[in-house]
Amino acid sequence: MTFDFAIPDPAGWMVASAEAIALVVIVAGLLQIVFYFVLLLYAGAALGTRPPVARSATLWRRYSEQAPAISVLAPAFNEELTIVESTRSLLALQYPDFEVIVINDGSKDGTLARLVSEFGLEQVDRFVDRSVEHAPIRGFYASPRLPRLLVVDKENGGKADALNAGINCTRTALFCAIDADSILESDALLRVVRPFIDEPDLTIAAGGTIRIANGCKVDSGRISDIKLPRNFLALVQIVEYLRAFLMARVGLGKMQALTVISGAFGLFRRRQVVEVGGYSHGTVGEDMELVLKLHRLMREAKRDYRIDFIAEPVCWTECPDTLSVLGRQRARWQRGALECFVKHKDMLFNPRYGRIGIVGFGHILLVDVLGPLLEVLGYILVPLLWALGLLALPWLLAFLAVTFMFGVSLSIATLVLEEIQLRRFPKARELAMLAVIAVLENFGYRQLSNLWRLQGWWQFIRKQQSWGTMTRKGFSTS
Amino acid sequence: MTTLRDLWEVSLALCLLAMAALLLLLLARVLSARLFDRTSASRRRLLPLLLDGDPAELEPLGKRELQTAADLTVEIAEMTRGSEREALLARATALGVTDLLIVQLRSGKAQSRLNAVEALSMFEGSHDHVTGALDDRNPDVRLTAALALAQHANAPAPLDIVNKLNVGAEENSLLLVSLMVDLAETDSEAVAGLLFEKDLSYRVKVAAMDALSQRGGEYAPLLAHMARDSGNEPDLQPRMFRALGRTGHPAGAEAIMEGLLSDNWTVRAAAAEAVGNTRLVAAADRLSALLNDPHYWVRYRASEALLRIGARGVSALRDASQSEDPIVRSAASKMLAEGRA
């Protein structure tokens, strides 16, 4: 097959250059794919050999005496639409000993007023730590009727700043950082605390699975009916989240090379987090940076430790369902990953940091740093060079293999793993629908996603810093 | 070129393979939905049999319904107590549930064995089978068996249980404390004896100490001795002081007072917490001195303890709230405000 604009009898150097470009793109893509398949194998091994999953009632009976107290930190910024429902849901968690600390990060709407009026709170005083830095606290609100709830009102400083204020206010050895607008499964704390009970001297952090709540019915702050959304973007993100949590994080957790615990749901040992200065200011990837700082602290001090990921605990979150909001979110995530990479670049392939330097940072380099650049380059150049007659058909096929076919097989394999090990989609029809989405996402969405990531690259280069607003609609209620 | 084509063909093959696997699973899902309907019908039929009637009149169930009966038994047993529960378990035994559970103890899946041990431990006559599970290859199953056995008077000796738990890999779980608490209910002397076993890990000993501390002042002198003696165990000593504080016994006073002067801030904080628990009024001055400790946790525990030890402590806090030192003033005044709230 030849095109009219193909170059007749191209010079040898032109063909060699075109092949060199294609080779770089294909090898980089192939490395990513191989790494993902290795992660999938590790994830399969982790799920297959994980300790038996007990029912909630059994967990409660087992852990009620020994489960360490947890402070749940929920930073809120302009969340008046969802804050009351979210707080109610947090207060109804099944866990023997916990406190909910809602941190109002200088909201401009009625977030604080709604909390105060709905829960009958009054201003109180509290003796708090000042170990980590944050913007000034304006006041504390509590009620004797709800001893588990504390609301901290502070000046605006961003999510990391709000979490730092929460850390200073906790009086427990463990804290759980969540997004105020997400919904935790009622037994999520009982499940995510397991590594802290099994290995109390080693575990310093544990992450849990995030699932997308779009389309689900919410009743009294609980997911009452799991359904797939109708919006294509939300559906694609379900497949993405499955890949990210079920494959990548479970796999990296098994390797003990986890570099990120989602800001939407993570359990940490307070002491080590304070030792690293809490969450970092001036970055949009504060969740990733905290985990990297913890690795650095423990590796440099040559202390044994574990950072685990548990597949079962579930935190539900609303995902963006419009292109503009999703694009902003993805650009922000990309920028966050790049900021963390640059800030800790000395850890890359540094034997002093063991598997974090080799596997963890290798993963960031391949997927977050080089991935979008090379993939977009490939989308533009490989088909063009083939059309110009500078690349033979097998080069194009190999490019399509690494960008489309392997991607499809990886996504389907993740669905297979989910079905064998977790079975969290109640209906077979939903699983089939996700399989169709796993194929379709490769045609259009994946390319768009890479453009957003390039946008993140551009913002990183230009050092743009902003919270990035996330438009919330609130969960649908039954 | 061949390699490039191979890449394309491998990717196609992998894609088809993954899709075929998913199709198979989808088919299995459709079939299991029918099985679910059958199970639901079976549960509706079995529920009245388990809840009412004379066990002697019940016939053993067929293989197909037995698992449903076992699941239902465990669910209901967790919600019932006393004679009602005993009658339920007797009916379940008559239906053949215990026989199924004993078979499941030999299952290849750790999850099945763990569930079987938990369920069997509810049945009176299953002690030997649960004891046998202490030799299971999975540490979770072993720990579950140990926790179940520890609740009965005829549990094996604590040392034997601990040795079985530590086969292959050392058991580090915090649930060791629950285990020791239950074992100490039956034989606290044997649990105390673990503290003197040379080859036992410190984790087991600390768990034993935590358990003994919950028995009041009986073991306070022993715990005080160990708390003082553990200065070379910086990670361990704070836990010992907290355990000592839990006894609430004056025999620990001297050791706790010494702990307040420790160079290790975690020990000072734990000793201050112990003062609060034992209401050790004599420590008020030392606690006041800790209000300007460089570590927040020490200041917090000290101010909290002052609040808890009563009038003398509150008076010390009031004095401190007038201090010229802003750190002392803040700690005292905020704790007084918390006390009023």
Side-chain angles (χ1 to χ4, degrees), chain A residues 26 30 33 37 49 51-55 57-58 61-68 122 124-131 142 144 168 171 196-202 271 392-395 397-398 400-402 404-406 408-413 415-416 419-420 423 427-428 431-432 435 439, chain B residues 1-5 7-12 14-19 21-23 25-30 33 74-75 78-79 109-115 118 138-141 144 147 172-178 181 203 235 296-297 299-300 303-304 330-331 333-335 337-338 340-341:
Chain A
I26 290 166
L30 206 56
I33 293 293
F37 273 108
T49 58
V53 183
R55 289 170 300 127
T58 312
R61 203 180 58 234
R62 274 184 152 205
Y63 292 171
S64 56
E65 294 297 320
Q66 304 307 329
E122 289 171 10
V124 294
D125 212 348
R126 175 135 162 157
F127 178 39
V128 298
D129 195 4
R130 289 166 192 266
S131 297
N168 273 346
R171 288 173 174 176
F196 291 89
I197 288 183
D198 289 348
E199 289 291 350
D201 298 336
L202 293 181
R271 188 168 161 187
L393 183 65
W395 286 99
L397 289 179
L400 293 177
V402 293
F404 295 98
M405 303 313 288
F406 281 125
V408 171
S409 51
L410 203 65
S411 299
I412 302 275
L415 285 174
V416 169
E419 177 63 7
I420 292 173
R423 267 200 167 197
K427 294 173 192 150
L431 203 61
V439 176
Chain B
M1 289 296 172
T2 317
T3 314
L4 295 172
R5 274 200 184 276
L7 206 58
W8 169 251
E9 279 157 18
V10 169
S11 74
L12 270 181
L14 268 179
C15 225
L16 291 173
L17 196 70
M19 282 185 180
L22 191 65
L23 272 178
L25 287 170
L26 283 170
L27 198 67
R29 177 69 89 88
V30 173
V74 174
E75 283 173 39
E78 281 186 338
M79 293 186 280
K109 284 172 71 181
Q111 174 82 65
S112 302
R113 298 202 301 279
L114 185 136
N115 289 340
E118 285 207 313
N138 183 293
D140 287 289
V141 178
T144 302
L147 287 164
N172 299 327
S173 173
L174 280 179
L175 296 181
L176 278 176
V177 181
S178 298
V181 169
R203 287 189 183 90
D235 295 333
Y296 161 79
W297 281 103
R299 297 197 300 275
Y300 166 60
S303 57
E304 185 191 46
S330 163
S333 57
K334 289 201 186 279
M335 192 49 71
E338 281 195 38
R340 280 193 294 272

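Below, chain A is the first sequence line, B the second, and so on; all start at residue 1. Note that the structure is predicted; figures quoted are calculated from it, not measured.
More than 12 heavy atoms of other residues, nucleotides or ligands lie within 6.0 Å of CD in B/Glu75, so this atom counts as buried by the packing criterion.
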* **Trace of the side-chain contact (heavy atoms from CB on, under 4.5 Å) decision for B/Leu7 with A/Val402** => CA-CA 8 Å; B/Leu7 206 58; A/Val402 293; 4.3 Å; yes
* **Audit row: A/Phe127, B/Glu304, side-chain contact (heavy atoms from CB on, under 4.5 Å) steps and yes/no** => CA-CA 10 Å; A/Phe127 178 39; B/Glu304 185 191 46; over 6 Å; no
* Asked: Step by step, would you call A/Val439 with B/Met19 a side-chain contact (heavy atoms from CB on, under 4.5 Å)?
  -> CA-CA 10 Å; A/Val439 176; B/Met19 282 185 180; 3.6 Å; yes
* Give the C-alpha distance, both sets of side-chain angles, the deciding distance and a yes or no for side-chain contact (heavy atoms from CB on, under 4.5 Å) between A/Phe37 and B/Leu14. => CA-CA 11 Å; A/Phe37 273 108; B/Leu14 268 179; 4.0 Å; yes
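Within the 4.5 Å cutoff, side-chain heavy atoms of A/Met405 are placed close to those of B/Trp8. Looking at heavy atoms from C-beta onward, A/Arg126 lies out of side-chain contact with B/Lys334 at the 4.5 angstrom threshold. Residues A/Tyr63 and B/Leu175 have side chains in contact (heavy-atom distance under 4.5 Å, counting atoms from C-beta outward). Between A/Ile420 and B/Leu25, the closest side-chain pair of non-hydrogen atoms falls below 4.5 Å. Between B/Glu338 and A/Asp125 the shortest side-chain heavy-atom distance does not fall below 4.5 Å.
The existence of a salt bridge linking A/Glu199 and B/Arg203 is excluded, since no basic side-chain nitrogen approaches an acidic carboxylate oxygen closer than 4.0 Å. A salt bridge links B/Glu118 and A/Arg61; the closest N-O separation between the charged side-chain nitrogens and carboxylate oxygens is under 4.0 Å.
Heavy-atom pairs under 4.5 Å with chain B were tallied for A/Leu393, A/Ile412, A/Ile197; the largest tally goes to A/Ile197. No other option in B/Leu12, B/Leu174, B/Val181, B/Val10 has as many heavy-atom pairs under 4.5 Å with chain A as B/Leu174. Counting heavy-atom pairs under 4.5 Å between each of B/Ala331, B/Ala21, B/Ser333 and chain A puts B/Ala331 at the top. Across A/Ser131, A/Ala435, A/Ser409, A/Ala413, the residue that shares the most heavy-atom pairs under 4.5 angstrom with chain B is A/Ser409.
Residue contact with chain B, scored on non-hydrogen atoms closer than 4.5 Å, involves the side chain of A/Leu30 exclusively. Using a 4.5 Å cut-off between heavy atoms, A/Phe404 does not touch chain B at all. For a residue to count as touching a neighbouring chain, one of its non-hydrogen atoms must lie under 4.5 Å from one of that chain's; by this rule B/Thr144 touches chain A with backbone and side chain alike. Using a 4.5 Å cut-off between heavy atoms, A/Ile26 contacts chain B through its side chain alone, with no backbone atom that close.
B/Tyr300 places no side-chain N or O within donor-acceptor distance of the main-chain N or O of A/Arg171, the cut-off being under 3.5 Å. The backbone N or O of B/Val177 sits nowhere less than 3.5 Å from a side-chain atom of A/Gln66 that would complete a donor-acceptor pair.
Taking every heavy atom of both residues into account, A/Ala428 and B/Val30 meet most closely at CB-CG2, 4.4 Å. Of all heavy-atom pairs between B/Leu4 and A/Pro394, the closest is CB-O, 3.6 Å.
Taking CG of A/Leu431 as the start and CG of B/Leu26 as the end, the distance is 5.0 Å to the nearest 0.5 Å. To the nearest 0.5 angstrom, B/Arg29 atom CZ is 11.0 Å from A/Lys427 atom NZ.
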